[in-house]
Enquirer: 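Structure provided below as structure tokens; questions to follow.
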Amino acid sequence: MFAAIDSKATVAAMRDSLDHPQRGARGLLAFAGPAVIASVAYMDPGNFATNIQAGSTYGYQLLWVVLLASLVSMLFQAMSAKLGIITGRSLAELCRDEFPRPVVIAMWLGSEVAAMATDLAEFMGGALGISLLFHIALGWALMITGIVTYAILSLDKAGFRPLEIVIGALVAVIGLSYLAEMIITPPDWHAALFHSVVPELQGKDALMLAVGIVGATIMPHSIYLHSGLTQNRAPARNDEQRLRLVRFSNREVMIALGMAGLVNMAMVAMAASAFSKTAPGIADITVAYHTLTPVLGAGAALLFLISLLASGISSSVVGTMAGQNIMQGFVGFHIPLLARRLITMVPAVLVCLTANPMTAMIDSQIVLSIVLPVPLIALVVLSSRRSVMGRFTAGRKLTAMAVLATAAIIGLNLALLWQALA
């Protein structure tokens, strides 16, 4: 039990597993953490916003977008983790060293915009959860969210493991809440399975929501962060151990992000089941909560708020970690945690108090989708460079899949821009 929460004991267990290979769950458990933290980005309040609107407006139609986005996210998160394991450096640090200075500055500024857009949805979601759950004003809820987030971030002073345990617990709360929601309101499984594999985009807002789902699922800050999370743990001593670490990482990515993908699909299915016929076109989390009570009962509404609160708090913590990792990597200096929290929190508070929360949350996910190709292209380029990856350079098939996925995301963004200008 002590080894599970103590960072030094965890590193010792990792070291032992690398030096004396173990099979099964016991060997993997010590390495668990980075992908669990990264998975929070795939269950943040931005996902709640886009998935609720997608399910309530189009039923199960956009489930295929969620599934494809989840598979693409696994690919890029695995690539990001591998980059960090093999090079011992984060994606942002490598971008600073490998690309021309003007490109690096542009990437950094774009990443900061993405960090602010991310924090907008995360911070607002946590505050809405607190406000609705405890019946307090949104302003006070915003303040409480900021304090709780900073308190959890402070756990990092005791090492990486306590923070990972708390984040993992919050992720479990989100997952269990939606499992219970699926029991309370069973979806139409035939329709859900059909639309998970058959692409369809019918309706004037379907493309916008598809882009929002992509931005909410494959998040730029999470791509940057995962490469940094592999540091300060148990570094590999040779190529054999690097390969073993990559294999451990790939398994964790499949498990953690696979679960996150299922939670996202459950969000859409729940919204389709609960709202598409009784309250179609819901575009507000508060309205969704108040609608759940008469439709499914107070228990379902309470579970919804608990999952939203866990999502908002955990993703705000991870968003701050990512912002610090991005700034430190691109500009090369460390700033105090509180200062980093304020950089993205202040704009989020201003938007929360002056704009429609749901509209701002969905718009923020579209911004993320527009910025997303930047880290994806950088990741593909760096993973393909033998000077960076050595014998672990990405193969042609993997590179081709990553290029195809990036091109598809760029195509979706261009289609949305064309639709907006037409």
Side-chain angles (χ1 to χ4, degrees), residues 36 39-71 73-74 125 128-129 132-133 168-198 200 209 212-213 216-217 254-315:
V36 173
S39 73
V40 171
Y42 303 92
M43 296 178 283
D44 81 342
N47 294 89
F48 279 68
T50 53
N51 290 338
I52 287 172
Q53 187 166 357
S56 65
T57 306
Y58 296 106
Y60 303 95
Q61 184 189 133
L62 296 179
L63 275 174
W64 68 274
V65 180
V66 181
L67 178 59
L68 274 181
S70 298
L71 293 174
S73 71
M74 289 184 192
L128 279 174
L132 293 170
L133 189 60
L170 291 171
V171 167
V173 168
I174 301 168
L176 291 173
S177 296
Y178 266 91
L179 176 62
E181 293 279 19
M182 296 291 280
I183 295 173
I184 294 172
T185 172
D188 181 340
W189 291 108
H190 180 269
L193 290 171
F194 176 81
H195 288 291
S196 293
V197 295
V198 178
E200 186 178 356
L209 284 171
I213 288 170
T217 305
M254 289 182 64
I255 295 170
L257 270 70
M259 294 300 295
L262 290 175
V263 170
N264 267 305
M265 296 183 78
M267 289 182 190
V268 176
M270 187 275 286
S273 178
F275 303 133
S276 61
K277 294 180 180 179
T278 58
I282 285 182
D284 192 297
I285 286 178
T286 303
V287 174
Y289 162 67
H290 289 303
T291 305
L292 272 176
T293 303
V295 174
L296 299 177
L302 178 62
L303 283 171
F304 175 76
L305 283 189
I306 290 173
S307 62
L308 176 63
L309 178 57
S311 170
I313 295 297
S314 59
S315 56

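What you see is a predicted model; the values in this text were computed from it and never measured.
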Enquirer: Leu302: which residues meet the side-chain contact (heavy atoms from CB on, under 4.5 Å) condition with it, sequence neighbours left out?
Expert: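 Once residues adjacent in sequence are excluded, the partners of Leu302 under the side-chain contact (heavy atoms from CB on, under 4.5 Å) criterion are Leu133, Ile306.
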Enquirer: Ignoring hydrogens, what is the shortest heavy-atom contact between Val66 and Gly261? Give both atom names and the distance.
Expert: CG1-O, 4.4 Å
Enquirer: For the CG atom of Leu63 and the CG atom of Leu68, what is their distance to the nearest 0.5 Å?
Expert: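 It is 11.5 Å, given to the nearest 0.5 Å.
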Enquirer: Please, which pairs that meet side-chain hydrogen bond (donor to acceptor under 3.5 Å, both in side chains) have at least one residue in residues 256-267, sequence neighbours excluded?
Expert: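 Residue pairs passing side-chain hydrogen bond (donor to acceptor under 3.5 Å, both in side chains), neighbours aside: Asn47-Asn264, Asn51-Asn264.
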Enquirer: Name all residues meeting the side-chain contact (heavy atoms from CB on, under 4.5 Å) criterion together with Met254; count only those two or more places apart in sequence or in a different chain, and write none if there are none.
Expert: none
Enquirer: Which heavy atom in Ile213 sits nearest to a heavy atom in Ala54, and how many Å separate them?
Expert: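 Closest approach of Ile213 to Ala54, heavy atoms only: CD1-CB, 4.1 Å.
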Enquirer: Look only at the side chain of Ser311 and the backbone of Met43, and say whether a donor-acceptor pair between them is shorter than 3.5 Å.
Expert: yes
Enquirer: Please lay out, stage by stage, how Tyr58 and Leu209 fare under the test side-chain contact (heavy atoms from CB on, under 4.5 Å).
Expert: CA-CA 10 Å; Tyr58 296 106; Leu209 284 171; 3.7 Å; yes
Enquirer: Over all heavy atoms of both residues, which pair between Leu303 and Ala180 is shortest? Give the atoms and the distance, please.
Expert: CD1-CB, 3.5 Å
Enquirer: Got a second to check how far Glu181's CD is from Met267's CE, nearest 0.5 Å?
Expert: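 Output value for this atom pair is 10.5 Å.
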Enquirer: Within the 4.5 Å heavy-atom criterion, are Ser70 and Leu257 side-chain neighbours or not?
Expert: no
Enquirer: By side-chain contact (heavy atoms from CB on, under 4.5 Å), which residues pair with Ser307, not counting sequence neighbours?
Expert: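 Once residues adjacent in sequence are excluded, the partners of Ser307 under the side-chain contact (heavy atoms from CB on, under 4.5 Å) criterion are Phe48, Ser177, Tyr178.
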Enquirer: Between Phe304 and Ile52, is the side-chain contact (heavy atoms from CB on, under 4.5 Å) condition met? List the steps.
Expert: CA-CA 11 Å; Phe304 175 76; Ile52 287 172; 3.6 Å; yes
Enquirer: Which value, rounded to the nearest 0.5 Å, describes the distance between Ser314 atom OG and Leu170 atom CG?
Expert: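 Answer rounded to 0.5 Å: 5.0 Å.
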Enquirer: Between Pro45 and Leu128, is there a side-chain heavy-atom distance shorter than 4.5 Å?
Expert: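 The answer is no, as the side chains (C-beta and beyond) never meet within the 4.5 Å cut-off.
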Enquirer: May I have all residue pairs that pass side-chain hydrogen bond (donor to acceptor under 3.5 Å, both in side chains) and include part of residues 182-194, sequence neighbours excluded?
Expert: Thr185-Ser273
Enquirer: How close do Val268 and Gly59 get, counting heavy atoms only, and between which atoms?
Expert: CG1-O, 3.9 Å
Enquirer: From Ile174 CD1 over to Ser39 OG, what is the distance, rounded to the nearest 0.5 angstrom?
Expert: 8.0 Å
Enquirer: Return the CZ to CD distance between Phe194 and Glu200, rounded to the nearest 0.5 Å.
Expert: 7.0 Å
Enquirer: Determine, step by step, whether His195 and Leu62 satisfy the side-chain contact (heavy atoms from CB on, under 4.5 Å) criterion, reporting the C-alpha distance in whole Å, the side-chain angles of both residues, the deciding distance to 0.1 Å, and the verdict.
Expert: CA-CA 7 Å; His195 288 291; Leu62 296 179; over 6 Å; no
Enquirer: Any side-chain heavy atom of Met182 within less than 4.5 Å of one from Pro187?
Expert: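 Side-chain contact under 4.5 Å: yes.
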Enquirer: Is it the case that over 12 heavy atoms from other parts of the model lie below 6.0 angstrom from the CE atom of Met259?
Expert: no
